[in-house]
Structures are given as structure tokens and as C-alpha cells.
Amino acid sequence: MTTTLSTLQEWVDSVAQLTQPDQIHWCDGSQAENDRLVSEMCADGILSPLNDEDFPDCYLHLSDPSDVARVEHLTFVCTSAQDDAGPNNHWMEPADAHEKIDALFAGAMQGRTMYVIPYCMGPIDSPYARLGVEITDSAYVVANMRLMTRMGTNALQRIETEGTFVKGLHSTGDLDPDRRFIMHFPEELAIKSFGSGYGGNALLGKKCHALRIASFQARAEGWLAEHMLIVGIENPAGETNYVACAFPSACGKTNLAMLIPPESHSGWKVWTLGDDIAWLHLDSEGQLRAINPEAGYFGVVPGTNEKTNKNAYDMIHRDTIFTNVATTANNQPWWEDKKDGEPSIDWRGNKYDAENGPAAHPNSRFTVSATNNASYSSLAEAPEGVPISALVFGGRRKELAPLVYEAKDWKHGVLVGAGVASETTAANVGEVGVVRRDPMAMKPFCGYNFADYWSHWLSFAERSDKLPRIFHVNWFRQDDSGKFLWPGFGENLRVIRWIIDRCEGRVDARSTPIGYLPNASDIDTSGLDVSADIMDALLSVNLEAWRDEMHSVGEYLDSYGERLPAALKKEQETVLEDLEKAS
Ligand code: OXD
Ligand code: MN
């Protein structure tokens, strides 16, 4: 297979000239191709089969121990003007960046196969879908991209018809952390990634294309590319509302996307549309609609069990690639909080010893097709996407942020999103558990200056009078002894119900300076071990602490200088004034 599209053929030829592979393989995405690659990877020790009786067609990949997470400090947005990348991104001048990374690519594929992966982000027949081609020297990347995107012949056909595609070049190089860069050239619709095989750095359709490059394109074209799950909530009357939620990495998006209603909620059903990325467009009626550009899940494994996420637990019992988990004596994958079995070999491939830390890496991952999930909604294939009733922001915060509140209007909602803060997690290399601002959960993923991004978000208020309402949730409030106040997981449906009731105009709320909060009686806590005092704590606004928070949000916004939209600063000042008046 080659291509009739000369720009694609010329690019592939020029990459081959630079990287000097032994051979070139154009991926067709077929089962036969996958079978061949998997058996080659097993022979080479890149994959190993897991217990075939309990985990049919599941494989384990152990990565280099220095290559287990995204590397924000080595990730660059290379726009011609530094200000276009903004203070939220590391920047390099595009010509310098090309020179630096091309020097690493020179000859890097000698002795290796160069794979050409045509892929489509979004349903193959959707007007909202976008195309890309990833060139890589990693068969592991090919196998993962096949699960995570619509990859192969159909995508190539659409690329040839449209002529436009994102060019992604990837090599695992020698995995030397000092020779590792993830570079984005949004003005050229190009990505170059060298020296890492980890998902977010190497599966270029995901964070690099569907968030960083797509957010840049979305601004120019009038839509939004967001770090959001998409979920459908069906009530016992058979009515379904769709909600999109932005939480930072490893803060429970996959769990919420696959939530199983608790026993108290018979007749309710939750449908998964996506667990990580949403592309949001206004339709001709002004309704915001969402598609999930991905076709699979690249989820955090530890913590997944029958109670926390039964759908995920079940779906990863077949056709799954596990990366950096431990194994049991009978070769089943094992991870912390699996609640079944004992680890024998840890994620480094050594005999398990509790003294050496967790058995599975805290950022170990599963890669699996979305259709493996019992709650998968066939509307994830709908070219027109699903109508969104509510947008929900959230973070992992021990204190301050109530269980749920609603923004006063769209503009205030943009401030709520811009002010999101969360404790850092193992999804990125670096310190874990430090609270940092993570606006719209996009800090690592916005492909341009946040100031311009917030202006873009604000501009939607002028384009539609049917925008979804905006909310903020926090499942992670703790008491002084570190105990979580809210049970979380399936019980979060109770909070989502309040959100939908608000959207449908079915419940009142208390107006406070930070937004609308539920009356405690409007969140159904029947059958839960959550006292009235705890609900009060979860639904109260500490005016003094919020004043400090709003000052800190103000300082953060000011760090964006002159490009910061005045309307956003005005929102922050209004909330601060209201907090001062109220105390
Ligand atoms: C992810 C992440 O892998 O956000 O989804 O890091
Ligand atoms: Mn993510």
C-alpha cells in the first residue's frame, strides 16, 4: 500500500530519507496485520501474552522505567511568535525546534521498520472528524493506535479525498531522557516526538493531535477541543441527558464515564461516549454537540476493581494491552486495589518486594477498544455527535471547593473553568499531590496562549443563546483525618442528577457569591452513610477561604498580561466584591 496523495507520499519519502529505516510498512488496520505485529512483538519480548484463560488476547508491555508518563517539561508548542504559545506552554522557535529534533531523527530508524499509520479522529463519516498520519518506528505504537483511533484503509481514503492531515513523526530513539522532546508545530499541523514510547508522548492521535493541535485549529474554526469525558444519563422514564466533564489527568474521568448506577437507582442507565477528549461544535440551531475523537481507552489501571469501575474491570479481561502492571504467579495482570490475587513480578520485571514500592506503576495503563465496554453508547459513532446539557469542571481538592456548584452564567462559568486547581498525579513525570492551577483541566494540553483560549470560550456567549449550563464538582473533599467526605464512584450519580435537574429547571438553588449551590434536601442521600453535618460541610462556602482563593485566581489571571480578556478579569473582580460584601 502506498498513496495517491502526492503531499503524503513526498512527506513519507522525506522522512525515510532522514531516518533511514530498513523497511516501510503502510498500516491497513486489519486483524491480520495486527496478529502479525503482535506475534513479532511477542518474539522480540516487547509484548508478552497474559494468562489466556482469564485474559484472552491480553498482553503485557513493560516500558523502560524512565519512560512511564507524560513529560510536560519536555513538551513544546512551537509557534512563530512566543506569545501565541503563551505562558502556559514551553516554547521554542519553530526553525530551531525542527533543527534540534531533526538532528535526533537523522538515521534513527536504521535497522528498524518505519510504520505509516493513517488515522481518523472521530467517526469516519463525521464532518467534525479530523485526519492524521503518524509515522513511527514502534510496533507497540501501531497496536495502540489501532485501538485508540479509526486507523488504516478507511482513514487513508478520507485523507486522499480531503488532502489535509496532521503530520506526526515519532521515534522511540534510544529512550534517553536527555534526548527526549515532544514538539508541536500548530501552524504547520505537525508534531515531532522523539525518545519516548509512553502513550501521551507517543500515540500522537491523542494528546498531541486531539488536544494540542486540535485546540489551535478549533480556535480558528470556531469550535472547542477539550479534555472532557462525555456521558449519557438515562432516567427511569427513558430520557437521556448528555454531560461533558473536564477533570485533570487521573482524577476519575474514566470512572465517571463508565459509572454503574448504585442499587438505590434502579431504572437509571449510564452510557459512555468518551472518557478523555471531547470535540464540541455549535450546530446550526446553536446547540452545543460533542463527538469523542477517540475509539478506545488508555486508562489508569491501579484502583480499578469491581466496586470502583465494574465496566472497566470487565472490559480489560480481554483484547487489552497492559503497560507497566505487575503479574501474579499464574500470569494474570495485577495492580494495587485490584482486590484479587497477589503480585509475583513487579512492573520493572523484578520479583515483587513491597519494600521496592508499588507492584504496578501508579500510572500503569490499559489500552482497549471502546466497544469492549458494556456501557458503550452506539451514539459515539453518530457523525453529528450528541447534544450537551451541562459542562462540568472539577479537580482533586482536599478542601475549599464544595461538592457541586453551578456558575451564574456562561461568562462566570469560563471563570470557574479558568480557576480550576487540582493536586498533581502520576500521569506526568514530577511531584505528585501538589495543588496547581489547571484551567479547564487543559494546562498540559492547550496548544496556544490560555488568554486567547479564554477569549475563545467567552465568544461562544455571543454565538448562541442555548449554551449548556456550567458546573464545578469536587469528589475529593477530606476531613481533618484525611477521610473522604463523599463516597464517590457510583454515588456521584446523585450529584449528576442535581446537575441535570438544574438544566431541566426542576430544582431551585441557593445563590452565593461563588455561584448556585444545592439545597441539601435536593441531593438524594437516601441509603448513604453521609450525615446532615457532612452534607453541610460539603455544601458550604467558606467566605474567608474563598476570598483568598479569588485573590489567588486574580493573580494567576494577571500573569497572562495584556492578552487576558478584560471580561474574565471583570468576572473575577465581581466574585471577589460579592465575597467581601457577604462577609
Ligand atoms: C491521559 C492523561 O493519559 O491525561 O489521559 O494523562
Ligand atoms: Mn487525559
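Starting from 1, each residue takes its place in the sequence as its number. What you are looking at is a predicted structure, and each value in this text was computed from that prediction instead of being measured. Remember, it's 1-based here, ligands and their atoms both numbered in the order they're listed. These numbers come from the heavy atoms of this one structure, side chains and all, not from hydrogens, waters or symmetry mates.
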_For Trp457, is there any backbone N or O sitting under 3.5 Å from a side-chain donor or acceptor partner on Trp410?_
yes
*Exam field: side chain Arg436 to backbone Ser422, donor-acceptor pair closer than 3.5 Å*: no
*Does a donor on one side chain and an acceptor on the other come within less than 3.5 Å for Asn474 and Trp486?*
no
*Answer with yes or no after comparing the ring centroid distance for His209 and Tyr119 against a 6.0 Å cut-off, counting only values under it.*
yes
*Run the ring-centre check on Phe445 versus His227 and record whether the distance is less than 6.0 Å.*
yes
For a distance cut-off of 3.5 Å, show me each N or O of ligand 1 paired with any protein N or O, plus the separation.
| residue | atom | partner | partner atom | Å |
| --- | --- | --- | --- | --- |
| ligand 1 | 3 (O) | Arg365 | NH1 | 2.9 |
| ligand 1 | 3 (O) | Arg365 | NH2 | 3.3 |
| ligand 1 | 4 (O) | Lys207 | NZ | 3.0 |
| ligand 1 | 4 (O) | His227 | NE2 | 3.3 |
| ligand 1 | 4 (O) | Ser249 | OG | 2.5 |
| ligand 1 | 5 (O) | Lys207 | NZ | 2.9 |
| ligand 1 | 5 (O) | Asp276 | OD1 | 3.2 |
| ligand 1 | 5 (O) | Asp276 | OD2 | 3.2 |
| ligand 1 | 6 (O) | Arg70 | NE | 2.8 |
| ligand 1 | 6 (O) | Arg70 | NH2 | 3.2 |
| ligand 1 | 6 (O) | Ser249 | OG | 3.3 |

*Decide whether a cation-pi geometry holds between Lys167 and Phe165; the criteria are a distance under 6.0 Å from NZ or CZ to the six-membered ring centre and an angle within 45° of the ring axis.*
yes
_the Mn ion (ligand 2) - name of the N/O/S atom of Asp276 that sits closest to it_ = OD1
*How are the rings of Tyr128 and His281 set relative to one another: parallel (under 30°), tilted (30 to 60°) or perpendicular (over 60°)?*
parallel
*Indicate if the distance from the Mn ion (ligand 2) to the nearest N, O or S atom of Ala441 falls below 2.8 Å.*
no
